[in-house]
Amino acid sequence: MSVQKPSIPQGTRDFGPVQVARRNYIFGIIRRVFEKFGFAPLETPTMENLSVLTGKYGDEGDQLLFKILNSGDFLNGKKGPVTAEDLAAGSKATLPKVAEKGLRYDLTVPFARYVVMNRGQLTLPFKRYQIQPVWRADRPQRGRYREFVQCDADVVGTNSLLCEAEIVLMIDEVLTSLGLTDFSIKINHRGVLSGIYQALGGVGRESDLFVAIDKLDKIGQDGVTKELLERGFPQAAIDKVFAYLQVGGSFAEKLETLRSMFGADGTLQDAAAGPAKGLQDLAEVQQYLQDFGFEHFERLDFDVTLARGLSYYTGCIFEVKVNNVQMGSISGGGRYDNLTGSFGLPGLSGVGFSFGVDRIYDVLETLELFPADAVSAPLCLLANFDAEGRPALLPLLRGLREAGLSAELYPEVSKLRKQFEYADKRGIRYMLLAGSEERAQGVVKLRDMRAGSEQTVPAAEVVATLQGLA
RNA sequence: GUAGGUAUAGCUCAGCUGGUUAGAGCGUCGGAUUGUGAUUCCGAAGGUCGUGGGUUCGAGCCCCAUUACUUACCCCA
C-alpha cells in the first residue's frame, strides 16, 4: 500500500497560528470601522441555491461557480434521470439535474437575496457588513485564490450620495489604520463612461470599450488603440476616447473639463441620467467629503479609465490600488440601482464595497507592516525543572490564569535549553524560572525573552509583577 | 478556456557538454562543565531526483507522455 502525499485543493491555503493572528488583526480593524459607521453584521450560508447565483455574474461568472453535486444518487434525482440526450447536449444541459446548490461567489448577491427574503422585517435604509469566505473556480495566480475572504459593507434603500462619501472615508480609515499610506482610492461613475461611449456616436460595443480603456495603465495607449481597432472602433472614435481619458487636473478641474467636453459632444441633454448625472454625483460626493473635513484628497483619484465590475454597477464605481506593490485592487465597489430586481423586488438602490483581506495580507506582508504583537502566544512560560517543583508551580499557573494572564507550564521535565528554545520560537515574552535555587529562597526568576534581562521577585508577588508587565 | 515555466532532502535551491557512493544553506534531532533562547562550535538522521515509457554501455541531465505546481492572458478581490 503506497502512502500518498497529502495536499489541499488548488488555490486554497492553510493558515498557521501566526497567519490567523495577523488575519484577525486585519478583520478587527475592518470590523471596528464598519461598526463605527453604523453597519450591522450579517452572515449567510456557505452554499446558495444555484438559481440564486447563476446569471448574476455573466457567462464568465457562471463558469467560475463551484457547483455542489446533489447528495445521494445524483444521476437519478427528483428532476428525473440523466439521459443520454442530456449528456449529448453537454454539461450545461446536464447540470440542473445533478446540482442544485453552489458555493457563494461573492457577498453582494447573497445580501440581495437576504434583503428580498426579509423585506418585511427590514428597516430601510439597511446597512450591513459581512465578513465571510467566497469561492471562485478561477485559475489561481498572484493575489488570486479559489477561496478567499471578502469584507463587504453595503447600504440598500437610499440614493443618498452620503453613502458614497462614507465609503471613501471608511476605505481611508481602514487602510490608514493598517499602516498603509501610499494608496489611491479611484472613483469613477458609470454615467461618465456611458457619456464617453455616447460621444462616439454609437459605434462598437459599449462593454468592449470599457474593458479596453480599463487596461490603459496596464497596456498603454498603443495597446488600448490596438484592442479597440480589433473590436471595430474607427480611428476617429479612438482619438475621441483618448481625448476624454487624458483629462487631467484636480478632481474639480476634471469635472469641469469633462462637462464642457460632454457639452460639445451633445451628450448632456438628459440631466437626470448619463454623463450629466455622473458628473453631478461625483461633484456631490466631493462636496460631502469636503464638508466632512476629509484630509486625504490626494489619495482620492477621479479616474476616468476605471471601468471594472460593470455587470451591475450603475452609479459611482470604486477601486483601491496600493502603489509600489505588484498587486491587483485590494478593494472595490459601487452603486447598483436594481440589484434586488432579479429577485422580484425592483427599485431598491444599493451601494457597497468590499475589502479583499487576502490581498491586503499579502500587501502588509510585502511592506512588513504587521505589528510584532499580532501573534498569539502565552505571555509566560513556566520552566519545568523537576517533579519536586510541581506542587508549587501548578497553583501558581492557576493563579496567573485566574488573573487573566495567559501562561503555560512546559509539559515535561527537560533540559532548560530546550524549554528556552520553545519559548523563543513561540514568541513567548516571559520565562518563569522556579528551580531548586529559587525554591530555597522563596523567589522566582522572571526572564524577559525579548530584552534578555532577568529579575528576581518573591514567589507571592509573581502574579502582580506579570500583571504590571502585560 | 489560451500560452509559457518549473518539478532533486521537511523548506529554499546547486548539480558543468549524459560518466563511480547526488550536494549546500536553513530546519529537525543529538552533543559541547546536567540551570538559559534569539547570537557559538561539533555531529547525525533524512532523497528509488513528480510519475510512466523511450534513447544509450550508462540518464537527475536527452526524447515522448502524464500529473501537480506556478506565471501571464481572458476575467476578477
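So that the names make sense, note that chain A is the first sequence line, chain B the second, and so on, each numbered from 1. Values reported hereafter were calculated over all heavy atoms of this structure, with side chains retained and with hydrogens, waters and symmetry mates removed.
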Looking at the base of [N], is there any donor atom on it, or on the side chain of [X], that sits under 3.5 Å from an acceptor on the other one?
{"X": "E454(A)", "N": "rU36(B)", "value": "yes"}
{"X": "K445(A)", "N": "rU36(B)", "value": "yes"}
{"X": "R417(A)", "N": "rG35(B)", "value": "no"}
{"X": "E60(A)", "N": "rG1(B)", "value": "no"}

Can [X] and [Y] be counted as having a side-chain donor-acceptor contact under 3.5 angstrom?
{"X": "D152(A)", "Y": "T108(A)", "result": "yes"}
{"X": "D154(A)", "Y": "Y336(A)", "result": "yes"}
{"X": "S349(A)", "Y": "N159(A)", "result": "yes"}

**Study point:** Distance below 4.0 Å between Q10(A) side-chain N/O and rA68(B) OP1 or OP2
**Key:** no
Exercise for review: Ignoring backbone atoms, test whether K215(A) places a side-chain nitrogen or oxygen under 4.0 Å from the OP1 or OP2 oxygen of rC76(B).
Suggested key: no
Among [options], find the nucleotide with the atom closest to the side chain of [X].
{"X": "L433(A)", "options": "rU36(B), rA77(B), rG37(B)", "value": "rU36(B)"}
{"X": "R144(A)", "options": "rU36(B), rA77(B), rG1(B)", "value": "rA77(B)"}
{"X": "Q150(A)", "options": "rA77(B), rU70(B), rC73(B)", "value": "rA77(B)"}
{"X": "Q141(A)", "options": "rC74(B), rU2(B), rG31(B)", "value": "rC74(B)"}
{"X": "E421(A)", "options": "rU2(B), rA32(B), rG37(B)", "value": "rG37(B)"}
{"X": "K425(A)", "options": "rC76(B), rG37(B), rU28(B)", "value": "rU28(B)"}
{"X": "L416(A)", "options": "rG37(B), rU36(B), rC75(B)", "value": "rU36(B)"}

Got [X] and [Y] here, is their nearest side-chain heavy-atom distance under 4.5 Å?
{"X": "F385(A)", "Y": "S436(A)", "value": "no"}
{"X": "E365(A)", "Y": "R22(A)", "value": "yes"}
{"X": "V363(A)", "Y": "V325(A)", "value": "yes"}

Say we look at [N] and [M]: how far apart would their [atom1] atoms be, to the nearest angstrom?
{"N": "rG10(B)", "M": "rG47(B)", "atom1": "P", "answer": "7 Å"}
{"N": "rA9(B)", "M": "rG5(B)", "atom1": "C1'", "answer": "23 Å"}
{"N": "rU8(B)", "M": "rC76(B)", "atom1": "C1'", "answer": "36 Å"}
{"N": "rU33(B)", "M": "rA45(B)", "atom1": "C1'", "answer": "27 Å"}
{"N": "rC11(B)", "M": "rG50(B)", "atom1": "P", "answer": "13 Å"}
{"N": "rC69(B)", "M": "rU51(B)", "atom1": "C1'", "answer": "14 Å"}
{"N": "rG27(B)", "M": "rU12(B)", "atom1": "C1'", "answer": "11 Å"}
{"N": "rU71(B)", "M": "rC63(B)", "atom1": "P", "answer": "25 Å"}

Name the nucleic acid region contacted by [X], choosing base, sugar-phosphate or nothing; use a 4.0 angstrom heavy-atom cut-off, strictly under.
{"X": "F355(A)", "value": "nothing"}
{"X": "Y422(A)", "value": "nothing"}
{"X": "G61(A)", "value": "nothing"}
{"X": "V211(A)", "value": "sugar-phosphate"}
{"X": "R139(A)", "value": "base"}
{"X": "I360(A)", "value": "nothing"}
{"X": "S329(A)", "value": "sugar-phosphate"}
{"X": "E438(A)", "value": "base"}

Distance in angstrom units between [X] [atom1] and [N] [atom2], rounded:
{"X": "Q455(A)", "N": "rU36(B)", "atom1": "CD", "atom2": "C1'", "answer": "16 Å"}
{"X": "Y105(A)", "N": "rA77(B)", "atom1": "OH", "atom2": "P", "answer": "7 Å"}
{"X": "D424(A)", "N": "rU40(B)", "atom1": "CG", "atom2": "C1'", "answer": "15 Å"}
{"X": "L432(A)", "N": "rG37(B)", "atom1": "CG", "atom2": "P", "answer": "18 Å"}
{"X": "Y145(A)", "N": "rU71(B)", "atom1": "OH", "atom2": "P", "answer": "9 Å"}
{"X": "L64(A)", "N": "rG1(B)", "atom1": "CG", "atom2": "P", "answer": "11 Å"}
{"X": "K218(A)", "N": "rA72(B)", "atom1": "NZ", "atom2": "C1'", "answer": "9 Å"}
{"X": "D448(A)", "N": "rU36(B)", "atom1": "CG", "atom2": "P", "answer": "18 Å"}

Practice item. With R23(A) as the cation and F15(A) as the aromatic partner, state whether NZ or CZ is under 6.0 Å from the six-membered ring centre and within 45° of the axis. Key: yes
Exercise for review: Sequence neighbours left out, what pairs pass side-chain hydrogen bond (donor to acceptor under 3.5 Å, both in side chains) with at least one residue falling in residues 203-212 of chain A?
Suggested key: R205(A)-S207(A)
Review point. Using Watson-Crick and G-U wobble pairs whose two distances are both under 3.5 Å, how do you write the pairing of RNA chain B as dot-bracket, with | for links to another strand?
Key: (((((((..((((.....[...)))).(((((.......))))).....(((((..]....))))))))))))....
Study note, to complete from the structure: RNA chain B nearest-nucleotide lookup for S331(A) and I8(A): closer to the 5′ end is I8(A)
Exercise for review: Look up atom SG in C380(A) and atom CD in E408(A), then write down how far apart they are to the nearest 0.5 Å.
Suggested key: 9.5 Å
Check your understanding: Salt bridge or not for D138(A) and R146(A), using N-O below 4.0 Å?
Key -> no
N/O donor to acceptor pairs below 3.5 angstrom from side-chain atoms of residues 169-180 of chain A, sequence neighbours left out:
residue	atom	partner	partner atom	Å
D172(A)	OD1	H296(A)	ND1	3.4
D172(A)	OD1	R299(A)	NH1	2.7
D172(A)	OD2	H296(A)	ND1	2.7
E173(A)	OE2	K36(A)	NZ	2.4
T176(A)	OG1	D172(A)	O	2.6
T176(A)	OG1	R299(A)	NH1	3.0
S177(A)	OG	E173(A)	O	2.7

